[in-house]
Asker: 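Okay, handing you the structure first.
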Amino acid sequence: MFSVYILTYNEEVEIAGCIESVISLCDDIIVVDSYSRDRTVEIAKSYESVRVIQHVFESHGRQRTWMLEEVPTKYDWAYILEADERMTPELFAECDRATQSDEFIGYYAAERVMFMNRWIRHCTQYPRYQMRLFLKGKVWFSDYGHTEREVCDGPTGFLKETYPHYTSGKGFSRWIDKHNRYSSDEAKETLFQLQAGDVRWKELFLGRSEIERRRALKDLSLRLPLRPVVRFLYMYFILGGILDGRAGFHWCSLQFFYEYLITLKVWELQQQEKEGEARHC
């Protein structure tokens, strides 16, 4: 068996469905809430077997690392479940089998992006893997842009089963507000990478996994002119978003908008740097 962490902040719309997807499968579920201002905690506490712990949110990486270090679990293995994701019986069974092996200390699982009532299979780079199941004490998380990246002390593997990720269950206004915040963090990370990072060409073409190739592709994309336009064309025509119907077009358009916000905020940060340098001259 393994324990399940559920990360929340103002997730009253999603939290019940998330808990219901796993409560009949797992006997150690911990909701780690970032002091939600809606009914998230109330709903989570209505499930007697679910523990609810609150901690002030600093960043995605720090929240996860604090959770792993400070929140005890019944089992040595843990699975991280986001509130807008769902566990499936098939994925749970595969995770259960994986924890009985000593071959790997962590496993990546692929998400199925659900948007406008359908699976966006083509333009979401499916299968797009995230670190989800791991042995505690062997995996930590650091910050990268608006999200986090795992730090692993040992070999990792990949799960075959996938999980659904409902990206707009709380409405388009919430999606836009969230990605406006995300774009600020991404702009800071982009500026840092442009100044201190480089393109990992070997991983881009010869990467051993989808994760290495995807992250190297992102390093390259940061340096491309007309990034929002390039991203839309890449997602819609090269990845096949055109095959995802109307939902695919709207998904690619939203990603264009998100990339546009990032590029604007990168320019803004660069202007602030120039003004700061001018004042010190």
Asker: Tell me, with the steps shown, if Arg39 and Glu42 meet salt bridge (Lys or Arg N to Asp or Glu O under 4.0 Å).
Answerer: CA-CA 5 Å; Arg39 297 180 58 244; Glu42 175 190 344; 3.4 Å; yes
Asker: Please answer whether the main-chain N or O of Asn180 pairs with a side-chain N or O of Ser183 as donor and acceptor at a distance below 3.5 Å.
Answerer: yes
Asker: Give a yes or no on whether a salt bridge exists between Glu11 and Lys170, defined as a side-chain N under 4.0 angstrom from a carboxylate O.
Answerer: yes
Asker: Does the side chain of Glu186 pick up a donor-acceptor pair with the side chain of His146 at under 3.5 Å?
Answerer: yes
Asker: If the condition is ring pair (Phe, Tyr, Trp, His ring centres under 6.0 Å), which residues does Tyr126 pass it with, not counting sequence neighbours?
Answerer: Trp119
Asker: Can we say Glu277 and Lys274 salt-bridge, meaning some charged N sits less than 4.0 Å from an Asp/Glu carboxylate O?
Answerer: no
Asker: From Thr40 OG1 over to Ile15 CD1, what is the distance, rounded to the nearest 0.5 angstrom?
Answerer: 6.5 Å
Asker: Just checking Phe2 against Phe92, ring centres under 6.0 Å apart?
Answerer: yes
Asker: Return the minimal non-hydrogen interatomic distance between Gly207 and Arg213, and the atom names on each side.
Answerer: O-NH1, 2.9 Å
Asker: Applying the salt bridge (charged side-chain N to carboxylate O under 4.0 Å, His left out) test to Arg86, which of Glu14, Glu111, Glu20 qualifies?
Answerer: Glu14
Asker: Go through the structure and list residues passing salt bridge (charged side-chain N to carboxylate O under 4.0 Å, His left out) with Glu148, not counting sequence neighbours.
Answerer: Arg64
Asker: Considering residues at least two apart in sequence or located in another chain, which fulfil the salt bridge (charged side-chain N to carboxylate O under 4.0 Å, His left out) criterion with Asp219?
Answerer: Arg200
Asker: Applying the 4.5 Å side-chain criterion to the ILVMFWY set and letting contacts propagate, would Met87 and Tyr166 be lumped into a single cluster?
Answerer: no
Asker: Answer yes or no: is there an ion pair linking Asp143 with Arg149, defined by an N-O contact shorter than 4.0 Å?
Answerer: no
Asker: If you define the side chain from C-beta out and look only at heavy atoms, does anything of Val56 sit under 4.5 Å from Gln63?
Answerer: no
Asker: Show me, pair by pair, the donor-acceptor contacts under 3.5 angstrom made by side chains of residues 103-110, not counting sequence neighbours?
Answerer:
residue: Tyr108; atom: OH; partner: Glu150; partner atom: OE2; Å: 2.7

Asker: So which heavy atom on Tyr9 is nearest to which on Arg174, and how close?
Answerer: O-NH2, 3.4 Å
Asker: Please indicate whether Lys188 has more than 12 foreign heavy atoms, meaning atoms of other residues, nucleotides or ligands, lying under 6.0 Å from its NZ.
Answerer: no
Asker: Could you pull out the closest heavy-atom pair between Ser21 and Leu81, with the gap in Å?
Answerer: OG-CD2, 4.4 Å
Asker: Step through the shown structure and confirm whether more than 12 heavy atoms of other residues, nucleotides or ligands are within 6.0 Å of CZ on Phe192.
Answerer: no
Asker: With no hydrogens and no angle check, do the side chains of Arg128 and Gln125 hold a donor and an acceptor under 3.5 Å apart?
Answerer: yes
Asker: So, Glu273 versus Gln195: side-chain donor-acceptor pair below 3.5 Å or not?
Answerer: yes
Asker: Compare all side-chain heavy atoms of Tyr236 with those of Phe256 and state whether any distance is below 4.5 angstrom.
Answerer: no
Asker: Using the test salt bridge (charged side-chain N to carboxylate O under 4.0 Å, His left out), find all partners of Asp27 that sit at least two apart in sequence or belong to another chain.
Answerer: Lys74
Asker: Taking the side chain as everything from C-beta on, heavy atoms only, tell me whether Ile80 gets closer than 4.5 Å to Gln130.
Answerer: no
Asker: Apply the test salt bridge (Lys or Arg N to Asp or Glu O under 4.0 Å) to residues Arg132 and Glu85: give CA-CA distance (whole Å), side-chain angles for both, the deciding distance (0.1 Å), then the verdict.
Answerer: CA-CA 12 Å; Arg132 284 292 181 259; Glu85 300 169 355; 2.8 Å; yes
Asker: Who passes salt bridge (charged side-chain N to carboxylate O under 4.0 Å, His left out) against Lys136, sequence neighbours left out?
Answerer: none
Asker: How about Gln255 and Tyr260: do any of their side-chain heavy atoms sit closer than 4.5 Å?
Answerer: no
Asker: Does some side-chain heavy atom of Thr88 sit less than 4.5 Å from a side-chain heavy atom of Pro164?
Answerer: yes
Asker: Indicate, with yes or no, if the rings of Tyr79 and Tyr5 have centres closer together than 6.0 Å.
Answerer: no
Asker: Is it the case that the side chain of Glu69 and the backbone of Trp66 share a donor-acceptor pair, with hydrogens and angles ignored and the cut-off at 3.5 Å?
Answerer: no
Asker: Judged by modelled atom types alone, do Gln54 and Ser34 share a side-chain donor-acceptor pair under 3.5 Å?
Answerer: no
Asker: Output the distance between atom OG1 (Thr167) and atom CE (Met116), rounded to the nearest 0.5 Å.
Answerer: 10.5 Å
Asker: Would you say the side chain of Tyr129 lies within less than 4.5 Å of the side chain of Leu159, judging by non-hydrogen atoms?
Answerer: no
Asker: In the single-linkage hydrophobic clustering (I, L, V, M, F, W, Y; side-chain heavy atoms under 4.5 Å), do Val41 and Ile23 co-cluster?
Answerer: yes
Asker: Are the side chains of Trp77 and Leu133 in touch, meaning some heavy atoms are under 4.5 Å apart?
Answerer: yes
Asker: Regarding Glu189 and Gln193, do their side chains bring together a donor and an acceptor under 3.5 Å, going by distance alone?
Answerer: yes
Asker: Are Ile53 and Leu7 joined in one hydrophobic group, where the rule is that I, L, V, M, F, W and Y side chains link up if heavy atoms are under 4.5 Å apart?
Answerer: yes
Asker: Are more than 12 heavy atoms from other residues, nucleotides or ligands located less than 6.0 Å from atom CZ of Phe249?
Answerer: no
Asker: Rounded to the nearest 0.5 Å, what separates atom CD in Glu259 from atom NE2 in His179?
Answerer: 11.0 Å
Asker: If you compare all heavy atoms of Asp244 against all heavy atoms of Arg121, which two are closest, and at what distance to 0.1 Å?
Answerer: OD1-N, 3.3 Å
Asker: Any idea which heavy atoms bring Gly241 and Cys123 closest together, and the distance?
Answerer: CA-CB, 3.6 Å
Asker: So, do Ile30 and Asp28 sit near enough that their side-chain heavy atoms are less than 4.5 Å apart?
Answerer: yes
Asker: Just by modelled atom types, is the Tyr75 backbone N or O under 3.5 Å from a matching donor or acceptor in the Ser3 side chain?
Answerer: yes
